[in-house]
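Read through the structure below, which is laid out as structure tokens, and then see the notes.
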Protein chains: 2
Amino acid sequence: MVLRRSPKSARPQRDRIIIGDSLEQLAKIPDASVDLVFADPPYNLQLDGELLRPNNTRVDGVDNDWDRFASFADYDAFCRTWLGECRRILKPDGAIWVIGSYHNVFRLGATMQDLGFWILNDVVWRKVNPMPNFRGRRFTNAHETLIWAARDQKSRYTFNYESLKAFNDDLQMRSDWLFPICSGPERLKDDDGRKAHPTQKPEALLNRVLLASSNVGDVVLDPFFGTGTTGAVAKRLGRSYIGIERDKDYAAAARERIAKVRQLPASALETQPSKRSEPRVPFGTIIELGILKPGSALFDPRRKIRAEVKADGTLSWQKSQGSIHRLGAHVQGKQACNGWTFWHFETGGKLKPIDELRERAKQQLGLARMPALIAAE
Amino acid sequence: MVLRRSPKSARPQRDRIIIGDSLEQLAKIPDASVDLVFADPPYNLQLDGELLRPNNTRVDGVDNDWDRFASFADYDAFCRTWLGECRRILKPDGAIWVIGSYHNVFRLGATMQDLGFWILNDVVWRKVNPMPNFRGRRFTNAHETLIWAARDQKSRYTFNYESLKAFNDDLQMRSDWLFPICSGPERLKDDDGRKAHPTQKPEALLNRVLLASSNVGDVVLDPFFGTGTTGAVAKRLGRSYIGIERDKDYAAAARERIAKVRQLPASALETQPSKRSEPRVPFGTIIELGILKPGSALFDPRRKIRAEVKADGTLSWQKSQGSIHRLGAHVQGKQACNGWTFWHFETGGKLKPIDELRERAKQQLGLARMPALIAAE
DNA sequence: TCACCACCTGAATCGTGTC
DNA sequence: AGACACGATTCAGGTGGTG
């Protein structure tokens with residue numbers, strides 16, 4: 001196994017909040033030093049005047065300097081710069097998440113594609129409790145959009161497929177996620193009891209993002225840290241974080257918040273093992289261990305074909321001979337075949353896939369994951 | 001009432017399919033002559049090679065000339081042209097809908113903003129039954145995105161807010177919509193029984209779009225007509241359509257399809273004049289799914305009152321019109337009423353509460369619970 | 001007629017390690 | 001760097017045949 005590690009000088013400091021302008025501070029972070037980026041950039045809302053509820057109370061919307069840009073061109077230039085920096089900072093197999101609304105997300109997505117990011121999914125955060133449309137002139141804006149992209153088309157990005165599937169009652173996780181907005185005790189308040197940050201994201205959202213697309217020990221960069229939701233969830237999940245925030249009050253609130261977070265015990269952070277990551281047991285081993293004898297018969301699921309196991313780990317049928325995969329593809333007239341699931345052995349008059357024999361081999365080889373061990377770790 | 005009408009020379013021919021290249025044919029349509037555009041442009045999917053299911057069958061993906069572009073720049077130039085033409089053709093108070101996936105929707109949205117369109121909402125079509133991710137490398141791509149935009153920031157666009165709200169059981173319609181993909185009898189087949197068009201959209205989707213953002217008699221332009229879903233729904237709802245399609249086979253299928261469509265009676269098309277949480281399936285969905293037809297009759301339990309179902313999800317009786325709940329309360333002289341149990345439909349000479357129709361809708365939407373579970377609770 | 005089951009299909013940017 | 005072998009991977013709903 002090769003440990004790919006950046007030179008020590010290129011390792012960024014972990015678990016810290018950098019106070020300063022995102023563009024300036026990103027420029028100081030070394031190349032290829034971060035595993036994942038989560039970015040919640042200014043939305044460029046272009047609000048015009050204030051909005052009143054039907055009862056004439058004022059809606060406390062986003063009205064901050066940091067959300068004002070003179071034009072789409074200005075906003076695009078800003079995004080090209082920070083997204084380009086993030087791409088430089090990402091490791092080759094790194095990935096990025098960006099969240100936005102219809103005001104800015106189209107510009108973000110197009111810029112990401114132009115820079116060479118490879119979009120993996122757009123994910124919709126459906127809000128359980130969105131703000132209604134008070135004027136009755138549009139649909140209730142009940143969602144925001146996240147873009148998940150790999151650094152390159154060729155990046156071997158992290159995706160904890162099995163974990164998410166287990167999470168979702170054994171169904172693949174879909175691209176539409178349902179969460180409440182951040183409110184109640186989770187919502188940070190300033191000394192006057194007003195919300196500390198206008199766009200604080202729910203921890204549940206970051207929790208799913210980080211569980212899905214990072215591993216324990218990974219470094220997660222958030223260039224618009226705000227009150228530190230990314231840092232809080234990263235710490236809880238055993239990931240490291242780097243946050244950049246130019247507002248000292250936000251940064252202070254984030255620091256205080258993260259200090260209260262405890263990392264979950266290691267056992268709680270284990271992910272569902274993927275079959276891909278399990279040790280490989282080749283078919284020949286099944287024969288070497290005496291689990292299948294040379295000369296014994298294997299069958300297709302319908303018992304139409306009876307192939308014979310050779311001592312060298314191949315299968316033969318009529319005049320054809322090859323690996324379990326090749327012969328399986330050949331007898332079906334297909335390009336490819338997973339021989340482990342296609343071929344069956346007979347036991348007690350019934351057919352079972354030879355995949356089951358691998359489990360026996362793993363146990364004999366001491367490669368099996370014992371349930372007791374999982375519990376003890 | 002003021003009839004705003006373009007000069008006669010500037011009125012486009014209505015209810016017709018123009019066979020030809022979109023860019024060429026759009027150029028021939030007069031300025032400011034159309035009320036609404038619905039566009040389902042090529043997605044520029046950039047597929048590479050074939051995809052096999054776990055059982056080694058081949059996925060019949062989009063592999064058409066019309067979806068291939070040499071680069072993002074080419075695709076952007078194409079979109080700038082057709083979107084620019086659409087904007088010229090739209091009346092000053094007109095609006096546009098564009099549908100796409102993450103492959104192209106960011107480029108579409110950014111181009112629309114650059115051209116001066118004013119985005120009103122992005123709307124998510126959540127698919128009940130999307131294609132799974134066979135390789136387990138991403139989230140199931142379970143939605144597509146629609147962008148709804150006015151021609152200008154100042155446009156006084158059409159939005160039938162009250163209708164949609166009644167349609168949705170007196171709750172504002174949200175920006176996330178749930179529909180099945182187009183399949184079954186609705187899906188057009190060619191002579192060989194294969195899908196006539198790879199990307200046919202469900203009529204329920206167009207139904208909501210046109211009900212929400214157009215009026216009876218409006219002209220709807222679809223520059224990528226395909227097999228004519230826009231035309232079929234427009235005709236049924238009493239709107240006019242202009243479709244542009246360069247493939248003669250698609251255009252012929254569209255013509256044949258639209259010929260079979262009957263316009264709903266005028267009374268069913270009346271909209272709600274401008275004036276909880278239990279139902280997961282709003283009444284409008286019952287109509288969208290075709291379980292109740294607009295124009296059909298509902299009765300009170302004693303069959304004293306005969307109300308009529310409107311296409312926009314309202315009910316009318318004598319001079320009153322409103323949601324099933326409002327009208328139910330009104331006819332009883334009460335403050336409130338659960339329309340689901342008050343209103344009945346006739347089947348086999350007997351009356352049954354419309355609540356039973358919700359179960360059918362839930363099944364179609366995949367929201368049904370297992371009978372065994374219900375029985376066990 | 002109904003229950004059940006096997007089979008088909010949908011806008012899809014859908015591997016990885018070794019030689 | 002490229003070729004090749006190995007082998008991991010699917011959900012909801014419609015359709016049609018069978019008992």
Side-chain angles (χ1 to χ4, degrees), chain A residues 1-2 93 113 117-122 149-150 153-157 159 161-162 165 168-175 274-278 280-284 302 313 322-326 328-329 336-343 354-355 358, chain B residues 40-64 66-68 72 99-105 125 127-145 180-187 189 193-195 197-202 226 363-368:
Chain A
M1 181 180 171
V2 179
D93 292 336
Q113 290 179 312
F117 284 107
W118 189 246
I119 297 181
L120 300 167
N121 279 113
D122 60 335
Q153 185 174 359
K154 301 287 183 196
S155 299
R156 290 176 305 167
Y157 56 91
F159 182 51
Y161 173 75
E162 298 289 347
K165 191 174 173 183
N168 194 38
D169 290 347
D170 292 328
L171 291 180
Q172 286 190 340
M173 186 68 79
R174 296 168 43 118
S175 56
S274 159
K275 224 172 175 184
R276 284 185 232 269
S277 63
E278 286 179 20
R280 196 174 73 91
V281 175
F283 183 64
R302 296 180 185 176
S323 73
I324 54 172
H325 312 296
R326 289 278 164 180
C337 166
N338 182 346
W340 291 107
T341 53
F342 179 72
W343 294 108
I354 58 175
D355 204 29
R358 270 202 292 197
Chain B
D40 181 12
Y43 283 14
N44 188 23
L45 286 185
Q46 306 171 68
L47 301 180
D48 190 26
E50 62 179 16
L51 177 64
L52 298 181
R53 293 188 169 83
N55 64 6
N56 282 326
T57 58
R58 208 182 124 266
V59 173
D60 183 17
V62 175
D63 183 26
N64 303 73
W66 50 253
D67 197 50
R68 276 191 278 272
F72 280 135
I99 183 167
S101 66
Y102 66 85
H103 311 83
N104 69 326
V105 77
W125 167 27
K127 300 181 184 183
V128 172
N129 46 353
M131 193 189 299
N133 185 293
F134 296 116
R135 293 292 165 86
R137 297 294 295 145
R138 304 180 178 196
F139 300 100
T140 303
N141 190 11
H143 73 277
E144 296 190 29
T145 302
I181 60 176
C182 182
S183 68
E186 187 185 325
R187 187 89 194 203
K189 303 289 198 300
R194 290 174 305 204
K195 55 188 177 189
H197 192 283
T199 72
Q200 186 182 339
K201 294 292 176 288
Q363 282 173 10
Q364 288 188 34
L365 292 172
L367 298 174

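Every chain is numbered from 1 and lettered A, B, ... according to where its sequence line falls, protein lines coming before strand lines.
In terms of position on DNA chain D, the residue among B/T140 and A/S323 whose nearest nucleotide sits closer to the 5' end is A/S323. A residue-by-residue look at B/N55 and B/H103 shows that B/N55 has its nearest nucleotide of DNA chain C further toward the 5' end.
Proximity of A/H325 to A/N338: side-chain heavy atoms (C-beta onward) are separated by under 4.5 Å at one or more points. For the pair B/D60 and B/R194, the minimum side-chain heavy-atom distance is 4.5 Å or more. With a 4.5 Å cut-off on side-chain heavy atoms, B/L47 and B/D63 do not count as touching.
Of the possible donor and acceptor atoms, one in the side chain of B/N55 sits under 3.5 Å from a partner among the backbone N and O of B/T57. In terms of modelled atom types and a separation under 3.5 Å, the side chain of B/N44 and the main chain of B/F72 share no donor-acceptor contact. A donor-acceptor pair under 3.5 Å is absent between the side-chain atoms of B/Q200 and the main chain of B/C182, judged by distance alone. In this structure, A/S274 contributes its side chain and A/R276 its backbone to a donor-acceptor pair below 3.5 Å. A donor-acceptor pair under 3.5 Å is formed between the side chain of A/N168 and the backbone N or O of A/L171.
If you measure from atom NZ of B/K195 to atom C1' of C/dT9, you get 7 Å, rounded to the nearest angstrom.
Across all strands shown, A/L120 has no heavy atoms under 4.0 Å from either base or sugar-phosphate atoms. Nucleic acid contact for B/S101: none, since no nucleic acid atom lies under 4.0 Å from a heavy atom of the residue.
Taking atom C1' on both nucleotides, C/dC7 is separated from D/dT10 by 14 Å, rounded to a whole Å. Taking atom C1' on both nucleotides, D/dA1 is separated from C/dT16 by 16 Å, rounded to a whole Å. Taking atom P in both D/dA5 and C/dA12, one finds a spacing of 30 Å when rounded to whole Å. For the P atom pair drawn from D/dG7 and C/dC14, the interatomic distance equals 23 Å after rounding to whole Å.
Between D/dA5 and A/R326, a contact under 4.0 Å exists linking OP1 or OP2 to a side-chain N or O. Within the 4.0 Å cut-off from OP1 or OP2 of D/dT10, at least one side-chain nitrogen or oxygen of A/K165 is found. Not one side-chain nitrogen or oxygen of A/H325 sits closer than 4.0 Å to the OP1 or OP2 atom of D/dC6. Under 4.0 angstrom from either OP1 or OP2 of D/dA8 there lies no side-chain N or O belonging to A/S274. Side-chain N/O atoms of B/R68 include none lying less than 4.0 angstrom from OP1 or OP2 on C/dA11.
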*Just by protein heavy atoms under 4.0 Å, how would nucleotides 14-19 of chain C read 5' to 3' in B, S and -?*
BSSS--
*Which letters describe nucleotides 1-6 of chain C, given B = protein heavy atom under 4.0 Å from base, S = only from sugar-phosphate, - = neither?*
------
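The base of C/dA11 does not come close enough to the side chain of B/N141 for any donor and acceptor atom to sit less than 3.5 Å apart. Donor-acceptor pairing under 3.5 Å, judged by distance alone, is absent between the side chain of B/K127 and the base of C/dA11. For B/R53 against C/dG10, a side-chain N or O and a base N or O form a donor-acceptor pair under 3.5 Å.
Checking D/dT9, D/dG7, C/dA12 against the side-chain heavy atoms of A/K275 singles out D/dT9 as nearest.
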*Go through the steps to decide whether B/H103 and B/S101 satisfy the test side chain to side chain donor-acceptor pair (under 3.5 Å), and finish with yes or no.*
CA-CA 5 Å; B/H103 311 83; B/S101 66; 2.6 Å; yes
*When Watson-Crick pairs (N1 to N3 and N6-O4 or O6-N4) and G-U wobble pairs (N1-O2 and O6-N3) count only below 3.5 Å on both distances, what is the dot-bracket string of DNA chain C, with | for other-strand pairs?*
.|||||||||....|||||
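Between A/F159 and B/F139, the ring planes are perpendicular. Angles over 60° get that label, and only those under 30° would be called parallel.
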